[in-house]
Structures are given as C-alpha cells and as structure tokens.
Amino acid sequence: MANVTIKTSEGDITVRLYDETPRHRDNFLKLAKEGYYNGTLFHRVIKNFMIQGGDPNSIDAPEGMTLGTGGPGYTIQAEILPQFIHKRGALAAARQGDEVNPERESSGSQFYIVWGQVYNEGQIGQLAKQLQMQAEQTVFNRLVAEHRKEIMELRRNRDQAGLMELQNDLIAQTHATIAEQGSATLTDEQKKTYTTIGGTPHLDGQYTVFGEVTEGLDIVEKIQNTETAQGDRPKQDIKIISVEII
C-alpha cells in the first residue's frame with residue numbers, strides 16, 4: 001500500500017493508492033518521484049463534481065490558455081474494478097471518451113478527485129433507472145456500429161421494411177445482452193455510500209478509480225468551490241507544489 005501527499009497552494013491532500021490497481025499506482029508513484037506534477041495546476045474544477053490536474057502543459061500556463069490535452073505520451077490500460085466507486089474523495093484517472101477510446105485507457109498523467117453530491121432516496125431511485133437506460137443505449141449503439149455496412153446498404157436501397165426488421169432484431173439482441181449481463185443498477189453498498197458520503201455514481205464502471213483521499217478532504221472542498229473562468233479553469237491558479245511519497 002502506498003500513500004502520497006499532494007501539496008497544493010491551498011493545502012495538503014493525502015491519498016492512499018490501491019494495490020489492486022498496480023498499473024495506475026506504479027505510474028503515479030513514478031511521476032511523483034520524477035517531480036512530474038511539480039508546478040502543474042488543478043486546471044479543471046467543477047463545483048459539486050470534481051477537481052482535475054496533471055496536465056504538464058499547465059505549468060506557467062498564461063491566462064486563457066486551453067488546457068487538458070497534455071500528458072507523458074502514453075496511456076495506461078484500464079483497471080476498472082467494481083469495488084472502487086466514485087465516492088467523495090475518490091482518486092481516478094482522466095481519459096478520452098469512448099468514441100475514440102473504446103478500451104477506456106487512462107491518461108498517462110491526468111487525474112481527478114471526486115466531490116460530487118449527496119443523494120436522497122428518490123434521486124438514487126431515478127439514477128438507477130437512468131443507469132439501466134444508459135446500459136441499454138451503450139449495447140444498442142455497439143450493435144448498430146457492428147451492422148453499419150448493412151444499414152447503409154438498406155438505406156441506399158430505400159428498404160424501409162428491411163431497416164425496421166433489422167432495428168427490431170437489434171433491440172431484441174440488446175435486451176438479451178442486458179439480461180445476460182444483469183441489471184445495470186446500483187448495489188446496496190453504492191446506494192448507502194451515495195446517500196451518506198456522496199459522490200458521482202454515474203461515472204462508476206467508466207473510469208479507473210485507483211485511490212482515495214485519507215486526509216485533506218476539506219482542501220478538496222475548498223478547491224471545488226473556487227470561482228472558475230471559461231473552460232472550468234480557476235480564475236486564480238491553484239498549483240500542485242509537489243507530490244511526495246509517504
């Protein structure tokens with residue numbers, strides 16, 4: 001088990017890195033030892049959501065500069081594990097979207113710390129329904145992509161009956177796949193966490209969570225409350241002074 005302290009211009013945040021996500025743990029420790037994060041900013045901050053840092057391009061970045069695309073030139077294989085969820089204080093790896101990154105590989109250096117919100121029972125119930133719909137849409141979109149050539153051919157031939165038949169078939173396949181995978185809902189543990197501690201449950205299963213804040217959650221709260229400009233960059237730079245291994 002490894003612990004690090006992220007020293008920032010607003011105060012210190014101590015994080016425990018999970019041994020169960022060794023690729024992300026070892027990479028974070030490697031970059032910390034190299035001083036890679038020294039002088040970088042929390043360049044993207046969204047109130048009641050998260051704080052994001054780790055872009056090397058943010059070092060001494062002038063006001064108004066677009067940030068969020070920098071990194072060490074490599075990605076990290078996903079280590080998305082169901083027991084590590086986006087509770088308040090979770091440390092997770094940023095990444096590019098599914099459309100260009102279907103394997104959900106993580107950024108080589110950019111990370112975020114979750115703040116999120118505390119949900120009530122009604123909100124959690126609605127969220128569970130949304131997650132189910134999201135899962136169905138994801139499966140259906142994948143099937144559509146697999147049948148793209150067939151769909152284009154049917155469209156060129158203006159075969160409406162064929163398109164309708166294929167659509168119904170893909171919907172049936174979607175329902176069968178979802179039934180086989182099991183319902184994409186929240187576990188009792190997730191419901192308990194998100195109605196007490198809080199977090200961002202809609203990100204579960206989508207990004208690699210590889211650690212959690214053990215001290216300094218008040219600093220995370222302070223940072224996520226900061227006033228931001230265009231692009232969600234804080235109006236006053238919030239710097240990572242260093243990341244020190246404990």
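Scope of the values below: all heavy atoms of this structure, side chains included, with no hydrogens, waters or symmetry mates.
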Sub-3.5 Å donor-acceptor pair from the side chain of [X] to the main-chain atoms of [Y], do we have one?
X	Y	value
Q126	Q123	no
N157	D159	no
E150	H147	no
S58	A61	no
Q224	E221	yes
T226	I223	no

Quiz item: Does one side chain, of E244 or S242, offer a donor that lies under 3.5 Å from an acceptor on the other?
Solution: yes
Quiz item: Would you say the side-chain atoms of D204 and Y194 include a donor-acceptor pair closer than 3.5 Å?
Solution: yes
Quiz item: Yes or no on side-chain hydrogen bond (donor to acceptor under 3.5 Å, both in side chains) for Q77 and E105, after CA distance, side-chain angles and deciding distance?
Solution: CA-CA 5 Å; Q77 186 178 341; E105 294 185 347; over 6 Å; no
Are [X] and [Y] in one and the same hydrophobic cluster, where Ile, Leu, Val, Met, Phe, Trp and Tyr link if side-chain heavy atoms are under 4.5 Å apart?
X	Y	answer
L163	V144	yes
I6	V209	no
Y36	Y112	no

Looking at [X], I'd like to know if its [atom1] atom is crowded, meaning that more than 12 non-hydrogen atoms belonging to other residues, nucleotides or ligands lie closer than 6.0 Å.
X	atom1	value
E20	CD	yes
M65	CE	yes
Q134	CD	yes
D12	CG	yes
E121	CD	no

Do you know the tightest heavy-atom contact between [X] and [Y]?
X	Y	result
G54	S109	O-OG, 2.8 Å
V213	G216	CG1-C, 4.2 Å
T200	G116	CG2-CA, 3.6 Å
I51	V220	CD1-CG1, 4.0 Å
V114	M50	CA-CB, 4.1 Å
Q52	A94	NE2-CB, 3.7 Å

Quiz prompt | Partners meeting salt bridge (Lys or Arg N to Asp or Glu O under 4.0 Å) with K192 (sequence neighbours left out) | solution = none
Exercise. List for me each residue that meets salt bridge (Lys or Arg N to Asp or Glu O under 4.0 Å) alongside E153, sequence neighbours excluded, and say none if there are none.
Key: R156
Self-check item: Ring centroid separation Y37 to F111 under 6.0 Å
Solution: yes
Practice problem: Go through D237 and R233 one step at a time and tell me if the salt bridge (charged side-chain N to carboxylate O under 4.0 Å, His left out) criterion holds. | Solution: CA-CA 8 Å; D237 285 348; R233 177 176 170 177; 3.1 Å; yes
Self-check item: side-chain contact (heavy atoms from CB on, under 4.5 Å) assessment of I13 paired with V15
Solution: CA-CA 6 Å; I13 304 167; V15 176; 4.1 Å; yes
Contacts table for residues 24-33: side-chain donor-acceptor under 3.5 angstrom, sequence neighbours left out:
from, atom 1, to, atom 2, distance (Å)
H24, ND1, E79, OE1, 2.6
H24, NE2, S106, OG, 2.8
R25, NH1, D19, OD1, 3.0
N27, OD1, Y74, OH, 2.4
N27, ND2, G108, O, 2.7
K30, NZ, E34, OE2, 3.1

Quiz prompt | Distance under 6.0 Å and angle within 45° of ring axis: R95 vs Y207 | solution = yes
